[in-house]
Amino acid sequence: MTRSMEKIVALCKRRGFIFQNSEIYGGQNGFWDYGPLGTELKRNVRDVWYHDMVSAHNELQQPAGAPSTFQMVGLESALIMHPQVWKCSGHYDLFHDMMVDCHACKGRFRQDHIPNTPCPQKPSKMVGEHTGCQLTEPREFNLMMKTILGALGTEEDAAFLRPETAQGIFVNFKNVCDSTRVKLPFGICQVGKSFRNEITPRNFTFRSREFEQMEIEFFCHPSQSREWYTYWRDRRYNWYLNLGIAKDRIILRDHHQDELAHYSVGTADIEYAFPFLSEGEFGELEGVAHRGDFDLRSHTEGKLTKNAAGELEVEKNADGTPKHRGSGKDLTYFDDQTRERFLPHVIEPSAGADRGTLAFICEAYHEDQQPDEKGEMQERILMKFHPRLAPVKAAVFPLIKKEGMPEKAAEIFGELKVAGLNCQYDQQGAIGRRYRRQDEIGTPFCITVDGDTAKDNCVTVRDRDSLQQDRVPVSRIVDEIVSRLKA
Ligand code: GAP
């Protein structure tokens with residue numbers, strides 16, 4: 001079975017998972033739209049993340065591997081923030097890629113991607129290999145998207161769409177501490193859109209200009225930060241395994257010292273073997289970073305930089321004034337048990353909702369051969385989504401369109417809907433074709449009302465993966481599906 005990207009992209013369009021944005025106008029590069037099934041799938045990815053990280057988190061119980069109990073709360077900050085946020089965070093000066101133009105083909109490339117980018121004019125060669133390429137010197141290109149606020153539209157009114165959700169959490173750290181009874185250690189979680197003016201958006205939704213992040217900023221005492229870093233790194237890796245990603249297609253990769261961001265004490269990436277990569281290559285799904293006190297300190301003191309001794313200090317202009325002034329607000333935490341005041345350290349598990357969704361789609365894609373009604377082998381496409389992520393949880397079929405079967409099937413469909421399960425009702429075509437339509441969108445269970453239902457008040461539940469069929473009483477069908485979805 002080949003998991004080719006072409007087949008996956010075609011399925012996403014054919015069945016309404018992901019569409020090219022503004023397709024009828026030729027498309028908008030770097031932007032994607034989710035169709036009805038993609039919307040359900042991505043919503044499930046977000047909801048499962050929020051459920052597992054926040055709603056279902058029990059602050060009274062110490063999870064396995066955690067140094068202690070802890071609290072988790074949610075936050076939703078605006079897409080646009082005060083421009084000073086990005087100056088102090090370092091994004092204004094440092095959030096750029098090196099860009100190279102080619103005078104010959106008018107192509108624009110990220111410098112670090114050039115060795116692997118096919119030449120648009122000679123796709124058998126890489127950019128730069130082909131003697132006709134006329135490449136410019138690399139230039140810096142800031143990735144933040146600019147917009148203008150208000151009617152005057154002057155440069156002073158310029159603002160940026162956030163390139164990460166994290167800063168919304170840091171600038172609200174004090175608000176959360178003051179308005180709730182959270183005690184260290186605790187995490188603040190946010191799911192939301194981020195924007196980056198990527199020079200070369202590519203590989204389907206993997207690198208887009210508008211995407212969604214699911215970020216946790218976990219605040220802890222500096223003396224415990226290494227233990228928390230290890231805890232979050234392992235927990236987040238296991239989250240993907242528990243949702244069905246195969247162990248040989250996902251890795252936890254610790255960054256080398258020279259790869260670390262300017263603020264980071266340690267970072268690990270959770271990476272997935274996306275089908276658009278070469279054999280043995282992995283692409284980032286999520287980064288788990290130990291950020292020390294960099295963020296809270298910069299929002300107090302101003303933009304930080306490393307001095308010759310490798311210590312962080314406020315970056316200064318030639319006249320000794322801070323290059324970018326901080327808020328001046330005290331963002332320390334006071335521990336009323338130990339009477340200690342300090343700047344917490346931060347562990348940041350930062351996941352991409354779109355990349356996660358794409359990985360779950362790629363992982364789910366399977367092809368096999370199944371006999372049709374006449375016993376002839378037919379190719380079947382099967383999306384093996386984890387039941388928690390599957391966009392459609394169950395499909396209900398009357399075997400034939402008479403003898404009261406459609407009425408009974410509609411009744412069951414209604415009960416599943418009342419229970420909040422996204423289901424489909426289908427009475428068109430042969431039963432085998434109906435199963436195949438559901439297999440192709442990853443519906444875990446198909447429920448069939450047949451000729452025996454009127455006699456024994458039972459329906460058949462077919463499992464997508466094992467193909468096993470069980471008789472289940474109609475009176476228990478909702479509970480049965482709900483419990484199978486949780487298994
Ligand atoms: N606050 C830290 C941060 O934003 P990042 O590694 O730049 O770290 C975190 O981004 C995650 O966001 C990535 O692991 C990826 O899943 C997602 N992401 C980043 N840029 C993206 C893009 N252009 N398109 C889709 N997802 C992206």
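Numbers here are sequence positions counted from 1. Counting convention: from 1, in listed order, for ligands and their atoms alike. These numbers were taken from a predicted model, which means no experiment stands behind them. Any value given below was found using the heavy atoms of this structure, including those in side chains, with hydrogens, waters and symmetry copies removed.
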State plainly whether the residues [X] and [Y] are in salt-bridge range, i.e. N to O under 4.0 Å.
X	Y	result
Glu23	Lys13	yes
Glu155	Lys146	yes
Arg139	Asp101	yes
Lys7	Glu367	yes

**Prompt:** Is there a heavy atom of Leu285 sitting under 4.0 angstrom from any atom of ligand 1?
**Reply:** yes
**Request:** Would you indicate which of Pro201, Ser350, Ala289 comes nearest to atom 3 (C) of ligand 1 when only heavy atoms are counted?
**Result:** Ser350
**Prompt:** Counting heavy atoms only, which of Gln167, Glu164, Glu210, Arg196 comes nearest to atom 7 (O) of ligand 1?
**Reply:** Arg196
Please report whether ligand 1 has a polar contact with [X], defined as an N or O pair separated by less than 3.5 Å (distance criterion only).
X	result
Glu284	yes
Thr205	no
Ala351	no

Go through ligand 1 atom by atom and flag the ones less than 4.0 Å from a non-hydrogen atom of [X].
X	result
Glu286	14 (O)
Gly352	16 (O), 17 (C)
Ala166	1 (N)
Glu215	1 (N), 2 (C), 3 (C), 4 (O)

**Phe206 six-ring face occupied by Arg355 cation (under 6.0 Å, within 45°)** = yes
**Request:** Could you tell me whether Arg46 sits above the aromatic face of Trp49, with NZ or CZ closer than 6.0 angstrom to the six-membered ring centre and within 45 degrees of the axis?
**Result:** no
**Request:** Quick one: look at Glu348 and ligand 1, take heavy-atom pairs under 4.0 Å, and tell me if it's side chain, backbone, both or neither.
**Result:** side chain
**Item:** Side-chain donor-acceptor contact under 3.5 Å, His366 with Arg3
**Value:** no
**Ring centers of His345, His290 separated by less than 6.0 Å** = yes
